[in-house]
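All ligand and atom numbering here is 1-based and tracks the order in the structure.
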Amino acid sequence: MQEKLIDGKAIAEQIKKEIAAETAAIIDAGKRAPHLAAVLVGNDPASETYVSSKEKACRKVGITSSTYRLPEKTSEKELLNIINFLNKDEEIDGFIVQLPLPAHLNADSIIEHINPHKDVDGFHPVNTGRMMAGLPSYLPATPFGIIELLHRSGIQTAGKHVVVIGRSNIVGTPVSVLLSRKSPKGNATVTLCHSQTVNLPELTRQADILIAAIGVPSFVKADMVKPGAVVIDVGIHRITDENAEKGYVIKGDVDFDEIVKVASRITPVPGGVGPLTIVSLLSNTLAAYQKKIYQ
Ligand code: GUN
């Protein structure tokens with residue numbers, strides 16, 4: 001059972017060690033540490049958790065972090081002032097604007113004001129465009145996590161049929177592009193499925209690697225999975241359960257208890273894709289510091 005599970009936590013720890021070693025070498029050479037900033041508008045509890053996990057992860061690998069906390073009522077102009085400041089500050093290598101933003105702020109137009117060289121979330125259209133063109137770019141967190149999980153678990157993608165369920169801009173669409181690219185971590189044949197797909201189970205049953213990013217708890221059932229397939233579960237949902245110690249359980253987009261019996265490898269939730277997402281931010285920040293993407 002153990003080897004069936006793809007241990008995202010262990011893989012994330014390994015990558016953090018690699019980043020920590022590179023950061024230590026930078027500091028030992030007498031240079032300043034890489035610096036990641038986050039902008040948090042309002043008091044969304046999930047965003048607070050995400051930002052404090054990011055601060056903790058930065059501390060662990062020797063990356064400096066700073067968080068700009070702004071009130072819920074912050075105007076677009078005030079937010080853009082902070083973004084312009086961060087764009088120019090030479091001691092900040094990369095920054096993110098935590099999403100979701102309060103309803104009166106338009107995330108797409110805010111993101112367009114981030115300097116693409118510092119856009120370590122990989123959300124700016126320049127970075128998504130560069131990714132599409134096969135040029136070096138900052139990869140968004142979840143696609144980065146999926147690619148690294150597959151690669152570091154020894155799961156070949158070349159020539160495989162990957163079926164992705166969900167076409168979001170932050171997961172389904174970019175991971176489809178990356179896995180179909182002509183590159184050592186790509187070269188797969190990718191089918192991207194979505195809410196208008198006809199005969200979804202027929203397609204998912206053809207997948208050598210099935211990636212579920214639909215945002216619906218336990219959506220993928222065992223009869224939708226080919227025996228021996230690799231299953232990557234991107235979902236994370238808190239489901240009320242009075243019998244559970246905490247009053248809830250965490251579920252993904254796949255029916256784990258049944259699918260684990262037919263899949264060859266599977267990511268658990270939690271502990272699969274999730275731990276890799278923050279690592280991507282650290283990795284992108286280090287790349288920004290080293291000016292590895294835009295040379
Ligand atoms: N909110 C949830 N995930 C993310 C992320 O990866 N980046 C940003 N900026 N906000 C998020």
Side-chain angles (χ1 to χ4, degrees), residues 8 12 15-16 19 35-58 63 65-70 72 74 76 79-80 82-83 86-87 92-103 105-128 131 137-149 166 168-175 177-178 211 213-215 232-238 250 252-253 269-270 272-288 293:
I15 303 176
K16 277 193 223 163
I19 295 172
H35 188 165
L36 170 67
V39 182
L40 179 55
V41 186
N43 311 301
D44 177 60
S47 293
E48 286 279 358
T49 306
Y50 184 85
V51 168
S52 57
S53 309
K54 181 216 68 157
E55 288 170 331
K56 195 170 137 206
C58 280
I63 290 179
S65 80
S66 46
T67 304
Y68 292 75
R69 289 186 160 77
L70 306 176
E72 182 87 19
T74 301
E76 181 174 284
L79 179 53
L80 291 180
I82 301 275
I83 290 176
L86 296 171
N87 279 341
I92 288 177
D93 302 292
F95 67 96
I96 65 160
V97 176
Q98 186 62 32
L99 303 177
L101 286 169
L105 296 168
N106 180 321
D108 288 338
S109 86
I110 297 292
I111 287 167
E112 284 200 50
H113 284 84
I114 298 175
N115 175 352
H117 294 228
K118 294 192 175 189
D119 167 40
V120 285
D121 255 335
F123 287 170
H124 191 285
V126 165
N127 280 311
T128 53
M131 183 191 70
S137 67
Y138 297 111
L139 298 185
T142 308
F144 168 95
I146 295 169
I147 303 282
E148 282 305 307
L149 276 184
S168 74
N169 281 343
I170 57 169
V171 186
T173 296
V175 84
V177 170
L178 291 168
I211 301 177
I214 325 117
I232 305 292
D233 190 350
V234 177
I236 181 149
H237 311 276
R238 199 184 264 204
I250 301 290
D253 283 356
V269 176
V273 176
L276 270 294
T277 56
I278 285 187
V279 167
S280 115
L281 214 47
L282 304 176
S283 169
N284 283 344
T285 304
L286 185 58
I293 307 291

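- The single protein non-hydrogen atom nearest to atom 6 (O) of ligand 1 is Y50 OH, 3.4 Å, given as residue, atom name and distance.
- Annotation: side chain of I82 is in contact with side chain of L86 (closest heavy-atom distance under 4.5 Å).
- Here D121 has side-chain heavy atoms under 4.0 Å from ligand 1, and that is the only part of it that gets that close.
- Only the backbone of V97 comes within 4.0 Å of ligand 1, judged by heavy-atom distances.
- Considering backbone and side-chain atoms together, P100 places no N or O closer than 3.5 Å to any N or O of ligand 1.
- The two residues L139 and F144 make their nearest non-hydrogen contact at CB-CB, 4.2 Å.
- Comparing heavy-atom distances from atom 10 (N) of ligand 1 across I111, D44, L99 singles out L99 as nearest.
- From the protein, the heavy atom lying nearest to atom 11 (C) of ligand 1 is Q98 NE2, 3.3 Å.
- For the residue pair H117 and N87, no side-chain donor N or O sits within less than 3.5 Å of a side-chain acceptor on the partner.
- Atom CD1 of I96 is separated from atom CG of L281 by 5.5 Å, given to the nearest 0.5 angstrom.
- Across all non-hydrogen atoms, the minimal contact from D253 to G235 is OD1-CA, 3.4 Å.
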